[in-house]
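Labels below follow one simple rule: chain letters A, B, ... track the order of the sequence lines, proteins then strands, and each chain is numbered from 1.
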Amino acid sequence: MADKILKELTLKIWRQKDAKSKGQFETYKVNNISTGTSFLEMLDILNEQLINEGKEPVAFDHDCREGICGMCSLFIDGRAHGPDDDITTCQLHMRKFKDGATITIEPWRAGAFPIIKDLIVNRTAFEEILQSGGYISVNTGGIPDGNAIPISQDDAEEAMDAAACIGCGACVATCKNSSAMLFVSAKVSHLAKLPQGRVEAARRAKNMVAKMDELGFGNCTNTGACEVECPKGISIANIARLNREFLSAKIKD
Amino acid sequence: MSSFLGSSIGKKLIMSLSGLFLVLFVLVHLILNSFLMFDSTGELFNAGAHFMSLPIIRFGLQPVLAAGFLIHIIYSIILTLQNQKARPQKYATQNLSESSTWSSRNMFVLGGLVLVFIAMHLLHFFIPIQIHGNVHDDYQLVKELFTNGSTGLIYSGLYVVGAILLGLHLAHGFWSSFQSIGFSNTIWRARLEKLGYIYAIFIGAGFTTIPLYLHFFA
Ligand code: HEM
Ligand code: SF4
Ligand code: FES
């Protein structure tokens, strides 16, 4: 069956020249968009139109366009990654929108994620948190046997689930407190659940939380909005684990 | 230590422990208040109120309770201000209703309104009974507030509103306090949320029933 065509869409897009300027919404129209088009392709079409008109195209982040890199962002109609569940923006398709609709597109908004240009924000804060987590100890020498360290299936599954985090920042963008707890809890959990990561687990939890606080992310109030908007379905059970890891590490000090 | 209690999770720990302490207090308070409905002579309730005025309670437990409230309120203000600051520029449109409950997003507002209610409530009962100490029949004092001619219905209504606000605060607060101290996982979360709703409804409905019972049936 051929895809339907959305005859006209109105786009309200946040435009901002650079980090220092004050931004504002601009309104654009795009016509004849197939419902099979991805959301980012729709923005590509808009940008081509803008370039042909001699205007500045809209800057937005993207890379893999298959939901694995975490680069694409966008707050679409009031929701991180738009009106669909368990997806990144590059996996969002225009069939989720009605003909004639007005779509509001904003950048992630958080003090710790300053805007670089238009819809692109600086997520270096996440890298800084990762760096503060430090290393895991691995013995040098010959190649270790793959099954030398026994790990229960449950632990392996939970570690893998947490490791699915792609660092997109949707959790921070969604959270009413701009809290980075879901991201940090995923990063702490996927190592804490494995014996290789256990060695530095206490230090990792303390350092990453300290960095997160220092960078100005908000405090978690357990609303759970992050896990709903997370494209990788990271559970806030990880946040409970992070709280446990952090509190027990601090109490032991 | 300061890096512990000053950290985001440390502050949440304080929030959680003070909240759980208040959860326990509210339960005891409701049980004592229920005496109002089980003995129309007022003897049972008066005995309870008398016990609560004993010196060990007044000078031993009440300061702890006051401190619990104060800590809970001060930290709620610190956390909420920090959270406001973490997003200097707000979204033009944000739709959180699909991803979180209303209570969870309005804990500060709900808590603040509960505080307004508590202030009024202290004025009604705590000050005359415990501070002035010139009340002979506590049961009569309570009953009069809710049955007194033109104002009885208004006060009954205000107490019902207070009960509902507290219930809403607890509908999120109960399970949240366990999550904050790390006592939760995928299995326990469902249990704690259910238990939290049961507790919140019990508290909300309990404190709603008492003024209505006194107004209409006592
Ligand atoms: C009898 C009265 C109260 C009870 C039983 C109560 C109970 C609780 C509980 C159990 C929590 C959850 C703690 C956590 O998430 O770790 C909580 C959170 C909260 N309470 Fe209360 N509370 C009461 C009064 C108040 C008052 C008077 C205020 C404010 C003026 C307040 C403001 C807050 C706020 C803002 C939160 C959310 C904090 C956060 O999640 O970080 N509460 N409360
Ligand atoms: S936890 Fe989810 S929403 Fe947050 S950064 Fe990781 S993948 Fe994105
Ligand atoms: S562009 Fe890579 S996840 Fe969307």
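- The number of heavy-atom neighbours closer than 6.0 Å to CD1 of Ile131(B), taken from other residues, nucleotides and ligands shown, is above 12.
- At a 4.5 Å heavy-atom cutoff, the contact between Phe75(A) and chain B is made by side-chain atoms alone.
- Contact of Glu227(A) with chain B is made through the side chain alone, with heavy-atom distances under 4.5 Å.
- In this structure, no portion of Lys85(B) lies under 4.5 Å from any heavy atom of chain A.
- Arg87(B) contributes a side-chain N or O that, together with a main-chain N or O of Cys175(A), makes up a donor-acceptor pair within less than 3.5 Å.
- Between the side chains of Ser7(B) and Asp213(A), not a single donor N or O lies within less than 3.5 Å of an accepting N or O.
- Shortest non-hydrogen contact noted between Gln179(B) and Ile236(A) is NE2-O, 2.9 Å.
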Please evaluate residues Ser8(B) and Val209(A) with respect to the criterion side chain to side chain contact (heavy atoms under 4.5 Å, CB included), reporting the C-alpha separation (whole Å), side-chain torsions for both, the decisive distance (0.1 Å), and the verdict. CA-CA 8 Å; Ser8(B) 55; Val209(A) 169; 4.1 Å; yes

Passes side chain to side chain contact (heavy atoms under 4.5 Å, CB included), His172(B) versus Asn222(A)? Steps please. CA-CA 9 Å; His172(B) 176 70; Asn222(A) 306 322; 4.1 Å; yes

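- The shortest side-chain heavy-atom distance between Trp14(A) and Gln89(B) falls under the 4.5 Å cut-off.
- Under the 4.5 Å side-chain criterion, counting only non-hydrogen atoms from C-beta, Asn219(A) is not in contact with Ile78(B).
- Using a 4.5 Å cut-off between heavy atoms, Trp175(B) touches chain A through its side chain atoms alone.
- By number of non-hydrogen pairs under 4.5 angstrom with chain B, the leading residue of Ala173(A), Ala249(A), Gly224(A) is Ala173(A).
- Of residues 93-108 of chain B, those residues lying under 4.5 Å from chain A by any heavy-atom pair are Thr93(B), Gln94(B), Asn95(B), Leu96(B), Glu98(B), Ser99(B), Ser100(B), Ser104(B), Arg105(B).
- Contact of Thr80(B) with chain A is not made at all, since no heavy-atom distance falls under 4.5 Å.
- In this structure, Gly218(A) and Ala86(B) approach most closely via the heavy-atom pair N-CB, 3.6 Å.
- Under a cut-off of 6.0 angstrom, the local environment of CZ in Phe126(B) is crowded, with over 12 non-hydrogen atoms contributed by other residues, nucleotides or ligands.
- The CG atom of Asn243(A) lies 14.0 Å from the CZ atom of Phe178(B); values are rounded to the nearest 0.5 Å.
- By the side-chain hydrogen bond (donor to acceptor under 3.5 Å, both in side chains) test, Thr88(A) pairs with Gln91(A), sequence neighbours left out.
- Neither the backbone nor the side chain of Ser248(A) comes within contact range of chain B, judged by heavy atoms closer than 4.5 Å.
- Summarising the geometry, atom CZ belonging to Arg244(A) is positioned 8.0 Å from atom OG belonging to Ser184(B); distances are rounded to the nearest 0.5 Å.
- Sorted by first and then second residue, the side chain to side chain donor-acceptor pair (under 3.5 Å) pairs involving residues 61-79 of chain B (not counting sequence neighbours) are Ser18(B)-His72(B), Gln62(B)-Gln130(B).
- Within residues 151-163 of chain A, no residue has any heavy atom under 4.5 Å from a heavy atom of chain B.
- Contacts between Thr221(A) and chain B at a heavy-atom distance below 4.5 Å involve backbone atoms as well as side-chain atoms.
- Residue Tyr155(B) qualifies as open at atom OH: its count of foreign heavy atoms under 6.0 Å is 12 or below.
- Around the NZ atom of Lys22(A), the shell of radius 6.0 Å holds no more than 12 heavy atoms that belong to other residues, nucleotides or ligands.
- Rounded to the nearest 0.5 angstrom, Phe4(B) CZ and Lys206(A) NZ are separated by 11.0 Å.
- For the atom pair CG of Asp253(A) and OG of Ser3(B), the computed distance is 7.5 Å after rounding to the nearest 0.5 Å.
- Residues Lys250(A) and Ile9(B) form no side-chain contact, since every pair of their non-hydrogen atoms from C-beta on lies 4.5 Å or further apart.
- More than 12 heavy atoms of other residues, nucleotides or ligands lie within 6.0 Å of CZ in Phe25(A), so this atom counts as buried by the packing criterion.
- The 12-atom threshold is not exceeded at NE2 of His50(B), counting heavy atoms of other residues, nucleotides or ligands nearer than 6.0 Å.
- For Thr223(A), the parts sitting under 4.5 Å from any heavy atom of chain B are the backbone and the side chain alike.
- Using a 4.5 Å cut-off between heavy atoms, Leu79(B) touches chain A through backbone and side chain atoms alike.
- Residue Asn185(B) holds its CG atom at 10.5 Å from CG of Asn238(A), rounded to the nearest 0.5 Å.
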